[in-house]
Amino acid sequence: MNVVGLVYIAAFAPEEGNSLGSIFARRGPPSGGASIRPDKEGFLWLAQDTFRQSFSQDLDESESLVMAVTQKPIAARCF
């Protein structure tokens, strides 16, 4: 077998009548939650200055910076 790479996908599957917001409200905020910033269009981003600390501690600084500046947002309405 020639494995080129592995991909791990994490997802939420709320039960009918639940939302991501209601799932998150059941516990305290995640440690990186304070780094989430909304923009004027209603999208959520991880702040670049705390990106590595909140999301990519296992990467070196240059790899983390590339991820921070190329990140894609999520619409706040998803929550």
Cluster check Leu46, Met67: I/L/V/M/F/W/Y, side chain < 4.5 angstrom: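 Yes; tracing contacts between hydrophobic side chains, which count when under 4.5 Å, links both residues.
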
Glu15 side, atom CD; Ser22 side, atom OG - distance, nearest 0.5 Å: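 Here the rounded value is 9.5 Å.
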
Pairwise salt bridge (Lys or Arg N to Asp or Glu O under 4.0 Å) hits with a residue in residues 23-47, at least two apart: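 Qualifying pairs, neighbours excluded: none.
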
Selection residues 56-79 - residue pairs positive for salt bridge (Lys or Arg N to Asp or Glu O under 4.0 Å), sequence neighbours left out: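 Qualifying pairs: Arg52-Glu61.
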
Heavy-atom side-chain proximity of Ser64 to Phe51 below 4.5 angstrom: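 Result yes, sub-4.5 Å side-chain heavy-atom pair found.
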
Pro73 and Leu44, any side-chain heavy atoms less than 4.5 Å apart: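 With C-beta onward as the side chain, the pair stays apart.
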
Partner residues of Thr50 under the side-chain hydrogen bond (donor to acceptor under 3.5 Å, both in side chains) criterion, sequence neighbours left out: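 Thr50: side-chain hydrogen bond (donor to acceptor under 3.5 Å, both in side chains) contacts with Ser35.
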
